[in-house]
Amino acid sequence: MPYSLLDLSPVPEGFNAADAISNTIDLARHAEGWGYYRYWMAEHHNMPGIASAATAVLIALVAQATERMRVGAGGIMLPNHAPLTVAEAFGTLATAFSGRIDLGLGRAPGGDGAVIRALRRDPMADSFPQDVVELLDYFGPERPGAAVRALPGEGTEVPVWILGSSLFGAQLAAHLGLPYAFASHFAPGDLEQALAVYRDRFRPSPWNERPRTMLAINVFAADDAEEAHYLRTTMQLAFARLRTGMPGKLPRPTRELDAEISPQMRRMVDQALRITAVGNLGQVREQLAELIETHRPDEVILTGQIHDHRARLRSFEIAAGAMQEI
């Protein structure tokens, strides 16, 4: 089973965006050596703790720094962009890095109402299905007589994934015959039903003959299990602060988590982040194997917000070892 990596290019407390981008490139180089199949980044805006807002630019930097690993978006928030703009950007990437570029598409805005207005998008517009079809056409065979063409982009056949955390994305991916990646790392509520709907309603297409699913899993691994749980508190804190309207840089871990967030918030956070493997190599391997057996994905994509870059590298190295053993 292929295992991939999702990186938001986090900006830890005490560091800046330049550090985050440097860490992303370093992690990508290591990930390629550890056997990760894809390296995806996600579009977020107006968030001081995430440096991947200009996702296509960061993808180019990572692709330039690596040799074989596929690199892409997990994902681009299509409501923020004209399909032609996305086709040209990813067509350019696919032309420069042939056979290595993926495009995952999300329906969320990737920011609040102020961000939507700043991006000059219509907050009431909901043309996601039509925009996906338009984008697929731009990547298709050459169309010499077409009024609008993506150049570069035309003929690149960039693989397109639908990303989602609800039944809408599952239904659309099934209808179009596209692969489907579920955002189970932070919104697992509809996971089982969405995968079932997608598999049941899938229609073969020129892009895929059968359904193909990707499961997103948080991983916090260390040589010592107690240390792994300590590292995990960074993401728990960050998620709690985001949910209470106080997003910031990626917080340092804490050994007093219950003093930082209320019991009610802790329950909510742990439920939202329940698709997680945490511990040493053996524990992470067992938990990943159980998640894979339960949800039967074709591929897993691992993520994990860890403050210390060296600890983050080690976590993904252990996770890769666990996947290789599975």
Side-chain angles (χ1 to χ4, degrees), residues 6-9 21 24-25 28 38-46 50-67 69-111 115-123 125-164 169 172-173 176-181 205-208:
L6 173 64
D7 177 20
L8 304 186
S9 197
I21 292 170
T24 281
I25 293 171
R38 309 178 199 272
Y39 195 98
W40 279 8
M41 284 154 283
E43 175 187 352
H44 293 275
H45 298 282
N46 201 31
I50 296 177
S52 58
T55 316
V57 177
L58 207 52
I59 288 170
L61 294 176
V62 169
Q64 183 68 44
T66 53
E67 297 178 1
M69 184 172 55
R70 299 191 67 88
V71 185
I76 291 294
M77 301 299 107
L78 192 52
N80 296 340
H81 312 277
L84 177 61
T85 302
V86 177
E88 290 170 339
F90 279 79
T92 300
L93 288 168
T95 300
F97 305 101
S98 180
R100 295 182 57 203
I101 301 299
D102 298 323
L103 174 56
L105 298 174
R107 187 186 178 206
V115 166
I116 295 173
R117 291 189 292 274
L119 289 168
R120 305 296 191 268
R121 307 303 294 167
D122 180 0
D126 189 7
S127 57
F128 184 70
Q130 297 91 328
D131 289 348
V132 173
V133 171
E134 182 180 345
L135 185 51
L136 290 168
D137 286 342
Y138 286 135
F139 287 140
E142 293 185 10
R143 303 183 301 166
V148 178
R149 302 164 64 188
L151 301 168
E154 193 176 78
T156 55
E157 303 287 353
V158 174
V160 172
W161 289 69
I162 299 296
L163 314 183
L172 179 62
L176 296 177
L178 296 174
Y180 180 54
S205 71
W207 301 284
N208 291 273

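Keep in mind that the numbers below use all heavy atoms, side chains included, and drop hydrogens, waters and symmetry copies.
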Problem set entry | Contact summary for Ala51 and Leu58, nearest pair of heavy atoms | O-CD2, 4.1 Å

Exercise. What heavy-atom pair brings Phe90 and Ala73 nearest, and what distance separates the two atoms?
Worked result: CZ-CB, 3.9 Å

Exercise. Are Thr24 and Tyr39 side-chain neighbours, meaning at least one heavy-atom pair lies under 4.5 Å?
Worked result: yes

Problem set entry | Main-chain N/O of Asn208 paired to Ser205 side chain as donor or acceptor, under 3.5 Å | yes

Problem set entry | Nearest-0.5 Å distance that lies between atom CD1 in Ile76 and atom CD1 in Ile59 | 6.0 Å

Seminar exercise, completed: When every non-hydrogen atom of Ala173 is compared with those of Pro179, the smallest separation belongs to CB-O, 4.3 Å

For this session: Over all heavy atoms of both residues, which pair between Gly177 and Trp207 is shortest? Give the atoms and the distance, please.
Result: O-CB, 4.2 Å

Exercise. Is the backbone of Thr55 close enough, under 3.5 Å, to the side chain of Glu43 for a donor and an acceptor to pair up by distance?
Worked result: no

Exercise. Which value, rounded to the nearest 0.5 Å, describes the distance between Phe128 atom CZ and Met77 atom CE?
Worked result: 8.0 Å

Exercise. Rounded to the nearest 0.5 Å, what separation is found between the CG atom of Asp131 and the CG atom of Leu84?
Worked result: 11.5 Å

For this session: Would you indicate whether Gln130, at its atom CD, is surrounded by more than 12 heavy atoms from other residues, nucleotides or ligands within a distance under 6.0 Å?
Result: yes

Exercise. Does any non-hydrogen side-chain atom of Leu178 lie less than 4.5 Å from one of Leu136?
Worked result: yes

Seminar exercise, completed: Scanning both residues in full, the closest heavy-atom pair of Ala63 with Val71 reads CA-CG2, 4.1 Å

Exercise. Does any N or O in the side chain of Tyr138 come within less than 3.5 Å of the main-chain N or O of Val86, such that one atom is a donor and the other an acceptor?
Worked result: no

Problem set entry | Working for side-chain contact (heavy atoms from CB on, under 4.5 Å), residues Asp102 and Trp40 | CA-CA 8 Å; Asp102 298 323; Trp40 279 8; 3.2 Å; yes

Exercise. Crowded around Glu157 CD? As in, over 12 foreign heavy atoms under 6.0 Å?
Worked result: yes

Exercise. Is the shortest heavy-atom distance from the side chain of Leu105 to the side chain of Leu135 under 4.5 Å?
Worked result: yes

Exercise. Looking only at atom types and distance, does a side-chain atom of Ser52 sit under 3.5 Å from a main-chain N or O of Ala42, one as donor and one as acceptor?
Worked result: yes

Problem set entry | Heavy-atom pair with the smallest gap, counting every atom of Ile101 and Pro159 | O-CD, 3.3 Å

For this session: Supply the atom-to-atom distance Leu151 CG to Thr156 OG1, rounded to the nearest 0.5 angstrom.
Result: 10.0 Å

Exercise. Looking only at atom types and distance, does a side-chain atom of Arg100 sit under 3.5 Å from a main-chain N or O of Leu93, one as donor and one as acceptor?
Worked result: no

Problem set entry | Leu163 CG to Arg107 CZ distance, which is reported to the nearest 0.5 Å | 13.0 Å

For this session: Test side-chain contact (heavy atoms from CB on, under 4.5 Å) on Phe139 and Val160 and set out the steps.
Result: CA-CA 10 Å; Phe139 287 140; Val160 172; 4.2 Å; yes

Problem set entry | Check: Arg143 main-chain N/O paired with Arg149 side-chain donor or acceptor under 3.5 Å | yes

